[in-house]
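Heads up: the structure comes next, in structure tokens.
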Amino acid sequence: MEMIDVLAICGSVREGSLNRALLHAAQDLADDPFRVEVWDDHSLIPRVDGTRGRPFPEAVGALRDRVSVADVLLLVTPEFNRSIPGVLKDIVDWLAILAPPRPLAGKPVMLMSASPNRFGGVFAQLHLADALRRVGAEVLTDFDVAVGFAHRHIDDGGILVGEEPRRDIAQLWRRVLPLVGEGKRAVPA
Ligand SMILES: Cc1cc2nc3c(=O)[nH]c(=O)nc-3n(C[C@H](O)[C@H](O)[C@H](O)COP(=O)(O)O)c2cc1C
């Protein structure tokens, strides 16, 4: 089967982030044909200020191009006040601007989250899914991987060691495969 190119973005820029640990576990647990590349240029992305369209700031243009060619976008989000952090909202808003190549139109997107509380960030996933669907993204998963009490599942080295979340992630890759595998891939508009 052809390789499935997944671009993964974490919504946290915090050192010791639980969500970055989750993202790296998702990368490690992705078997063939998935190939997961982590995008980590948050510091280069300016705030969205309402000046829409081209020319995009260089890093924004590069991100829009990279997302456009990815087969799947994986967003791993913290929850801040039952929503997503501003840093991730800016990224989504830059990607959502309706100028060619329209990176989110028809784009298959997987969502994951981690939080120290019991709900694991499901409210953030709800908001994120809503924003993504509004601009025509195809949200493939929500709530499948929402790691509650995440600090108990992640060791001091930032490794997700919890058996249950690791099993959930592996299951999610298997479930997503037929949705994005050969012949079923969404074609961006
Ligand atoms: C401003 C702020 C608001 C927060 N609100 C929530 C919340 O609504 N729900 C929740 O589960 N955790 C909330 N938290 C706790 C975060 O889930 C926690 O800090 C988490 O570790 C952040 O993700 P990270 O470790 O990937 O950076 C909040 C944290 C901050 C700083």
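Side-chain atoms are counted along with the backbone in the values below, which use heavy atoms only and exclude waters and symmetry mates. Atoms within a ligand are numbered from 1 in the order they appear, just like the ligands themselves.
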Sub-4.0 Å protein heavy atom next to atom 19 (O) of ligand 1: no

Which residue holds the protein heavy atom closest to [atom], what is that atom called, and what is the gap in Å?
atom                    : answer
atom 1 (C) of ligand 1  : Asn81 ND2, 4.1 Å
atom 17 (O) of ligand 1 : Pro116 CD, 3.3 Å
atom 21 (O) of ligand 1 : Leu18 CD1, 3.4 Å
atom 11 (O) of ligand 1 : Ser115 OG, 2.6 Å
atom 26 (O) of ligand 1 : Ser17 OG, 2.6 Å

Compare every heavy atom of [Y] with every heavy atom of [X], then report the nearest pair and how far apart it is.
X      : Y      : value
Ala114 : Ala150 : CB-CB, 3.8 Å
Ala30  : Val36  : CB-CG2, 3.7 Å
Val76  : Asn19  : CG1-O, 3.4 Å

Which atoms of ligand 1 sit under 4.0 Å from any heavy atom of [X]?
X      : answer
Asn117 : 9 (N), 10 (C), 11 (O)
Pro78  : 22 (C), 23 (O), 26 (O)
Arg82  : 7 (C), 8 (O)
Asn19  : 23 (O), 24 (P), 26 (O)

Connected-component partners of Phe143 among ILVMFWY, side-chain separation under 4.5 Å: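 Reading the cluster by chain and number, Phe143 sits alongside Phe119, Val122, Phe123, Leu126.
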
Any residue meeting ring-ring contact (aromatic ring centres under 6.0 Å, His included) with Phe80, in chain and number order, not counting sequence neighbours: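 If we apply the ring-ring contact (aromatic ring centres under 6.0 Å, His included) test to Phe80, skipping adjacent residues, there are no hits.
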
Which segment of Ser12 sits under 4.0 Å of ligand 1 when only heavy atoms are counted: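 Contact part for Ser12 vs ligand 1: side chain (C-beta onward).
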
Selected option - heavy-atom contact closest to atom 28 (C) of ligand 1, from Arg20, Glu15, Glu79: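 Looking at heavy atoms only, Glu79 sits closest to atom 28 (C) of ligand 1.
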
No-hydrogen, no-angle side-chain donor-acceptor test under 3.5 Å, Gln125 and Ser113: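 The answer is yes; a qualifying pair exists.
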
Arg167 atom CZ, neighbour heavy-atom count above 12 within 6.0 Å: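 For Arg167, atom CZ is crowded (more than 12 foreign heavy atoms under 6.0 Å).
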
Pi-cation contact, Phe149 with Arg152 (under 6.0 Å, within 45°):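 Yes, Arg152 lies over the aromatic ring of Phe149.
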
